[in-house]
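A, B, ... follow the sequence lines: proteins, then strands. Residue 1 opens every chain.
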Number of protein chains: 2
Amino acid sequence: MARARIVDPDQGPRSKRAAILDAAVEYFGETGYETTKWSDVADRVGIGQTALYHYFESKAHCLLTIMRLELQRSHDMFTEATADTSDPVEALRAGVRSAFAVSEQEIRQMRVLQANMSLLATPRKSKREETERVAARQLVQMVERDWTNLLVRGMAKGAFPVRDAHMLGLTVLGMIVSVWRWYRPTGAIPLPEISDLIEGCVVRMVGE
Amino acid sequence: MARARIVDPDQGPRSKRAAILDAAVEYFGETGYETTKWSDVADRVGIGQTALYHYFESKAHCLLTIMRLELQRSHDMFTEATADTSDPVEALRAGVRSAFAVSEQEIRQMRVLQANMSLLATPRKSKREETERVAARQLVQMVERDWTNLLVRGMAKGAFPVRDAHMLGLTVLGMIVSVWRWYRPTGAIPLPEISDLIEGCVVRMVGE
DNA sequence: TCCTCAAACTGAACTGAACTCAGGTTGATG
DNA sequence: CATCAACCTGAGTTCAGTTCAGTTTGAGGA
């Protein structure tokens with residue numbers, strides 16, 4: 001008997017799943033989700049349109065997968081960056097820096113995530129799409145909790161004045177991700193400069 | 001001869017344009033632009049789907065119009081709120097407060113604007129859509145300049161430390177509009193409370 | 001070397017929502 | 001009360017996303 005594999009988690013040796021995700025991130029990130037034709041992605045990968053349905057249930061399923069992966073990455077990066085820092089201010093700075101230590105492809109992924117965030121609000125009809133949506137939603141809450149908890153710790157330690165930590169966390173996060181609405185790698189301002197400015201803003205905003 | 005009217009700016013006595021915009025804001029704001037069927041809007045207004053095309057060239061043309069109107073409103077409100085205040089810090093506070101002094105329908109309009117902002121990036125094929133898009137783009141820049149100029153004035157007066165005013169303006173704006181991603185009138189936190197927190201954040205962020 | 005079977009793929013047909021067309025209805029105004 | 005632009009409609013058309021009914025490919029066991 002040939003190998004018996006579970007369909008979802010891992011991919012066969014000649015799978016084009018990664019290539020599809022990569023092409024989709026580029027198209028969705030540069031041209032926008034609605035604007036790009038699903039068949040364009042197929043062309044880029046070098047397969048027929050219908051072959052896409054071997055890997056993703058729908059165009060939306062692919063988008064939701066991209067969004068979930070990006071959220072997972074963001075959460076992991078934050079955790080890694082802030083894990084071994086006990087000083088709240090330094091942890092905060094490390095968290096901000098981790099948000100801007102990204103490749104061009106990751107920038108596109110975050111653009112895709114931010115531009116289609118509202119998709120996570122309403123349930124999906126198909127099962128696999130809904131699974132991705134729920135997972136993504138949970139990761140959004142996890143990322144929000146990452147920032148909130150950091151602020152709570154800082155307030156408890158007396159490093160930050162006491163304020164509504166949840167609202168403040170959402171605000172900090174909103175400020176950071178808003179960058180991906182206007183930033184372009186071809187622009188005049190280099191990313192490290194933006195990172196520094198935001199880092200300062202966050203520290204001042206939270207402190208006093 | 002019957003009255004000779006220009007098509008665009010003003011409306012006939014039995015025009016349903018306003019009713020369509022109102023229904024569209026509700027649907028686009030609550031359910032999302034892509035999710036709502038154009039025919040749902042027609043049903044709500046009480047006309048056939050094809051009658052919509054008497055008022056708007058397309059679903060996207062209606063969306064772009066909503067976005068432009070909201071941008072116009074935001075710009076006007078900011079200008080009115082900050083006009084007669086010479087103290088930079090007070091003007092800044094007044095600007096933030098004006099951003100949160102809104103009705104529920106205006107909240108929906110801002111949600112529509114924020115959720116579909118990326119639509120303004122790429123040119124439209126049809127003429128009327130492109131006109132709205134360009135107008136909206138210019139208004140975005142105008143709103144950005146509103147905040148930037150306020151910061152420049154404050155820095156010149158010595159009220160704020162000198163930083164990159166443009167980037168700081170975009171950041172302030174990004175922080176403010178990020179609220180419309182998570183705020184719901186049914187939520188636990190009342191809007192004035194949010195307004196106060198953001199006001200404080202902006203002042204600390206810009207100050208020293 | 002060849003056989004097997006799931007993975008990987010395909011062309012043709014289907015679906016549904018946005019939009020077009022070719023007119024019909026309505027009502028303010030001369 | 002006749003006119004004509006504003007306003008509206010039902011019957012198509014289009015096109016991107018999707019389904020269907022299979023066919024091809026190639027890694028691993030015999």
Could you check how far CZ of R17(A) sits from P of dC9(C), rounded to whole Å? 14 Å

Are the side chains of M205(B) and T171(B) in touch, meaning some heavy atoms are under 4.5 Å apart? yes

Can you list every pair that meets salt bridge (charged side-chain N to carboxylate O under 4.0 Å, His left out) and has a residue in residues 172-184 of chain A, with sequence neighbours left out? none

Mind jotting down which residue pairs meet the ring-ring contact (aromatic ring centres under 6.0 Å, His included) criterion with at least one end in residues 111-146 of chain A? Sequence neighbours excluded, please. none

Extract from the structure each pairing of a protein N or O with an N or O of nucleotides 10-13 of chain C at less than 3.5 Å, listing the distance.
| from | atom 1 | to | atom 2 | distance (Å) |
| --- | --- | --- | --- | --- |
| dT10(C) | OP2 | G48(A) | N | 2.5 |
| dG11(C) | O6 | T50(A) | OG1 | 3.2 |

ring-ring contact (aromatic ring centres under 6.0 Å, His included): which pairs involve residues 92-121 of chain B, sequence neighbours left out? F100(B)-W180(B)

What is the distance, to the nearest angstrom, from the NZ atom on K59(A) to the C1' atom on dT19(D)? 18 Å

Run the side chain to side chain donor-acceptor pair (under 3.5 Å) test against E199(B) and tell me which residues pass, sequence neighbours left out. R93(B), R97(B)

End-to-end axis angle, where each axis spans five pairs of the helix from dT1(C)-dA30(D) to dG30(C)-dC1(D), to 10°: 10°

Which pairs of donor and acceptor atoms, one on a side chain in residues 19-26 of chain A, lie under 3.5 Å apart (sequence neighbours left out)?
| from | atom 1 | to | atom 2 | distance (Å) |
| --- | --- | --- | --- | --- |
| D22(A) | OD1 | Q105(A) | NE2 | 2.9 |
| E26(A) | OE1 | R44(A) | NH1 | 3.4 |

With the side chain counted from C-beta on, respond yes when L168(A) and M155(A) share a heavy-atom pair under 4.5 Å apart, and no when they do not. yes

Using only side-chain N and O atoms of K16(A), determine if any of them is under 4.0 Å from OP1 or OP2 of dA7(C). no

Backbone of L191(B) reached by a side-chain donor or acceptor of S195(B) within 3.5 Å: no

With a 3.5 Å distance limit and no angle check, can you tell me whether K16(B) reaches the backbone of G46(B) through a side-chain donor-acceptor pair? no

Atom-to-atom span, NE2 of H54(B) to P of dC8(D) - whole angstrom: 7 Å

Partners passing ring-ring contact (aromatic ring centres under 6.0 Å, His included) against F28(A) (at least two apart in sequence or in another chain): Y33(A)

Quick check on side chain to side chain contact (heavy atoms under 4.5 Å, CB included): which of L64(A), T65(A), L71(A) does R68(A) satisfy it with? T65(A)

Sugar-phosphate, base or nothing in reach of Y55(A), heavy atoms under 4.0 Å: sugar-phosphate

Please collect all side-chain hydrogen bond (donor to acceptor under 3.5 Å, both in side chains) contacts where either partner lies in residues 133-147 of chain B, sequence neighbours excluded, each pair once. H75(B)-D146(B), E130(B)-R133(B)

Within residues 36-43 of chain A, residues whose heavy atoms come under 4.0 Å of DNA chain C: none

Apply ring-ring contact (aromatic ring centres under 6.0 Å, His included) to F56(B) and list each qualifying residue two or more places apart in sequence or on a separate chain. H61(B)

Nucleotide nearest R14(A) when distance is taken to its side chain, options dA6(C), dA18(C), dA28(C): dA6(C)

Gap between atoms OH and C1', on Y53(B) and dG23(C) respectively (whole Å): 18 Å

Kindly state which residues belonging to residues 111-127 of chain A come within less than 4.0 angstrom of DNA chain D, counting heavy atoms of the residue only, listed by number. none

